[in-house]
Amino acid sequence: MAHRRGRCARRPAVALTGTRNDKDNGSAPSGIGDHVSTREVMGGPVRILDAGSGPVIVCCSGVASTLWDWLPVVERLRRDHRVIVYDRPGYAQGDRVSEQLPDLDEEAHRFAAVLTVCGVREPVTAVGHSFGGAVVEVVARVHPERIRHLVLLDASVRSAEGADPAHDDAATARRFRQFTLPLARSRVAGAVWRVVGPVVAGRLVPGRGRLMRSWPQLRVDLTSPNFLMGSLRELVGYVACMNRLQELAAHTPLDPDLDVLVVAAN
């Protein structure tokens, strides 16, 4: 990966790896399941994909996305990198979905804890997509020793995507605990989601339909009520997270020598 040093340099999009070949068709690589395990992180189970060898790249998903969505990317990058992707709590089948809304500081600590569990001591390249971009940005602010390069793929932008100082975090959290989560946990919602989930979730991510056909575990995850509840949890907590990101940006600056690559699609 080519980088240049500088003050949080923003550059045009570049390829993250080498040339494309015939196998880069968006399908799941064979044998990739052998590189997935569930580890205890911060007192709870976290599903982690850890494949390849070389400089470490850690990928962080957006809302309504799991580590399986990264499989085509992992297949290309693991040829000359060690690639780690993990699911935030609630997305893996069987995970308990917390009644508490997501906390960006906690997610930053989880990122660092995943590295520790995986035995990674050196600074890494952190790649965040959408909401995952907010997570890795916070990591770069509160755990700067963990990040060598920061790659933001259509990352959540606090000023344009929801930061609202008038937002009532407590009331939103209360509504989630008392109404949204119990409804999503109901048998009716679960039954409906098992039918419509793959269709709805398949349209959220380009190429996901093809990946579902080649990797059945992705379809299994998308039909799980956990996926619905985990997605709703992060959507409901999104504004509070953007407010926190804005607060951190004002008081905890990025390392001026950090390489930052921003990739945005219009």
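Position 1 is the first residue of the sequence; numbering continues from there. What's counted below: heavy atoms across the whole structure, side chains too, no hydrogens, waters or symmetry copies.
- Tracing side-chain contacts under 4.5 Å through hydrophobic residues (I, L, V, M, F, W, Y), one reaches Leu261 starting from Leu258; they form part of the same cluster.
- The shortest non-hydrogen separation linking Gly133 to Leu152 is O-CD2, 3.7 Å.
- Contact between Asp169 and Ala240 at its shortest, heavy atoms only, is OD1-CB, 3.6 Å.
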Handout entry: Audit row: Val239, Thr172, side-chain contact (heavy atoms from CB on, under 4.5 Å) steps and yes/no
Key = CA-CA 10 Å; Val239 174; Thr172 300; over 6 Å; no
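- For residues 57-72, every residue pair satisfying the side-chain hydrogen bond (donor to acceptor under 3.5 Å, both in side chains) rule, not counting sequence neighbours, is listed here: Ser61-Trp70, Ser65-Asp69, Trp68-Asp221, Asp69-Arg208.
- The CZ atom of Arg110 lies 9.5 Å from the CG atom of Asp103; values are rounded to the nearest 0.5 Å.
- Residue pairs meeting the ring-ring contact (aromatic ring centres under 6.0 Å, His included) criterion with at least one partner in residues 89-113, sequence neighbours excluded, are Tyr91-Phe227, His109-His143.
- Taking the side chain to side chain donor-acceptor pair (under 3.5 Å) definition, one finds that Asp105 meets it with Arg244, sequence neighbours left out.
- Using a 4.5 Å heavy-atom cutoff, the side chains of Arg233 and Pro102 are in contact.
- Pairs engaging residues 174-208 under the ring-ring contact (aromatic ring centres under 6.0 Å, His included) rule: none recorded [sequence neighbours left out].
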Practice task
Kindly indicate, with the supporting measurements, whether the criterion side-chain contact (heavy atoms from CB on, under 4.5 Å) is fulfilled by Val136 and Val127.
Solution key: CA-CA 7 Å; Val136 298; Val127 181; over 6 Å; no
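- Taking Pro123 as the reference, Arg148 meet the side chain to side chain contact (heavy atoms under 4.5 Å, CB included) condition, with sequence neighbours excluded.
- Between atom CZ of residue Arg219 and atom OG of residue Ser224 there is a gap of 14.0 Å, rounded to the nearest 0.5 Å.
- Tyr86 OH to Cys59 SG: the interatomic distance, rounded to the nearest 0.5 Å, is 10.5 Å.
- Taking 4.5 Å as the limit, every side-chain heavy atom of Val58 sits out of range of all side-chain heavy atoms of Val114.
- Hydrophobic cluster membership differs between Val97 and Tyr238, with clusters built from Ile, Leu, Val, Met, Phe, Trp and Tyr side chains linked at under 4.5 angstrom.
- Counting all heavy atoms, side chain and backbone alike, Leu153 lies closest to Val151 at CD2-CG1, 3.8 Å.
- Arg82 meets the salt bridge (charged side-chain N to carboxylate O under 4.0 Å, His left out) test with Asp50; sequence neighbours excluded.
- What you find for Met212 and Pro198 is that their closest heavy atoms are CE-O, 3.6 Å.
- Listed for the Arg39 side chain is a donor-acceptor partner under 3.5 Å among the backbone atoms of Val117.
- Looking only at side-chain heavy atoms (C-beta outward), Ile84 and Val120 come within less than 4.5 Å of each other.
- In terms of modelled atom types and a separation under 3.5 Å, the side chain of Thr116 and the main chain of Ala112 share a donor-acceptor contact.
- Note that the CZ atom of Arg88 and the CZ atom of Arg47 stand 12.5 Å from one another [nearest 0.5 Å].
- Under the 4.5 Å side-chain heavy-atom criterion for ILVMFWY residues, no single connected hydrophobic cluster contains both Val200 and Met229.
- Scanning for side chain to side chain contact (heavy atoms under 4.5 Å, CB included) contacts around Pro45 gives Thr38, Asp95, with sequence neighbours left out.
- Rounded to the nearest 0.5 angstrom, Leu228 CG and Thr223 OG1 are separated by 11.5 Å.
- With sequence neighbours left out, Arg177 forms a side chain to side chain contact (heavy atoms under 4.5 Å, CB included) with Glu99, Gln100, Ala173, Arg174.
- Checked against side chain to side chain contact (heavy atoms under 4.5 Å, CB included), Ala249 has the following partners two or more places apart in sequence or in another chain: Arg141, Arg158.
- Side-chain contact check for His81 versus Arg78: every heavy-atom pair is 4.5 Å or farther apart.
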Practice task
Show your reasoning for whether side-chain contact (heavy atoms from CB on, under 4.5 Å) applies to Ile57 and Val124.
Solution key: CA-CA 6 Å; Ile57 298 175; Val124 305; over 6 Å; no
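- Nearest heavy atoms, Val63 versus Ser231: CG1-O, 3.8 Å.
- Of the possible donor and acceptor atoms, none in the side chain of Asp154 sits under 3.5 Å from a partner among the backbone N and O of Ser130.
- Applying the ring-ring contact (aromatic ring centres under 6.0 Å, His included) test to residues at least two apart or on different chains, none of the pairs has a partner in residues 35-55.
- Side-chain contact between Ile48 and Val36 is absent, with no heavy atoms from C-beta onward closer than 4.5 Å.
- Hydrophobic cluster membership differs between Val220 and Val85, with clusters built from Ile, Leu, Val, Met, Phe, Trp and Tyr side chains linked at under 4.5 angstrom.
- Taking both residues in full, the closest heavy atoms of Ala108 and Val139 are given as CA-CG2, 3.6 Å, listed atom of the first, atom of the second, then distance.
- Cluster membership for Phe131 and Leu235, using ILVMFWY side-chain heavy atoms within less than 4.5 angstrom, is shared.
- Considering CG of Leu211 and CG of Leu218, their distance stands at 5.0 Å, rounded to 0.5 Å.
- Grouped with Leu183 in a hydrophobic cluster is no other residue, since no side-chain heavy-atom contact under 4.5 Å to another Ile, Leu, Val, Met, Phe, Trp or Tyr is found.
- Cluster note: Val205 groups with Leu204 through ILVMFWY side-chain heavy atoms spaced under 4.5 Å, whether in direct contact or through intervening members.
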Exercise for the section: Let me see the working for Asp255 and Ile147 under side-chain contact (heavy atoms from CB on, under 4.5 Å), right down to the final yes or no. Expected result: CA-CA 10 Å; Asp255 182 341; Ile147 307 299; over 6 Å; no
